[in-house]
Amino acid sequence: LVQVVTGRLEAALDTYAEATARDLEDDGGLDPAATADLRDALTRYPEVPGVRYALATLLEASGDTRGAAAQYERYAERG
């Protein structure tokens with residue numbers, strides 16, 4: 001989360017990808033705390049577009065394609 005908020009989106013996405021793969025391998029699901037933290041970050045840091053992108057990637061990985069699409073769209077609007 002710190003990487004996302006401080007503008008290091010690429011590093012954050014690598015970290016999320018590793019954690020996602022580990023979670024899926026361990027128990028077949030993602031840690032809901034990760035998406036909860038990013039949703040909280042949206043309220044704290046609405047000006048940081050990377051938060052939406054990171055949230056979208058986790059939503060997509062968890063199978064919430066509709067939620068992911070909405071976050072990708074909002075991210076693109078800020079482009």
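Just so it is clear, the model here is predicted, and its values are computed rather than measured.
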In Å and rounded to the nearest 0.5 Å, what is the [atom1] to [atom2] distance from [X] to [Y]?
X   : Y   : atom1 : atom2 : answer
R44 : D37 : CZ    : CG    : 9.5 Å
D64 : L59 : CG    : CG    : 5.0 Å
D40 : Y45 : CG    : OH    : 8.5 Å

[X] to [Y] - nearest heavy-atom pair and separation:
X   : Y   : value
A56 : A68 : O-CB, 3.4 Å
A34 : L58 : CB-CD1, 3.8 Å
E47 : R78 : O-NH2, 3.3 Å

* List the steps and the verdict of side chain to side chain contact (heavy atoms under 4.5 Å, CB included) for Y72 and E60. => CA-CA 10 Å; Y72 283 132; E60 184 175 17; 2.7 Å; yes

* Heavy-atom check, side chain of R39 versus side chain of V51, under 4.5 Å -> no

* Can you find a heavy atom in the side chain of Q71 that is under 4.5 Å from one in the side chain of L42? -> yes

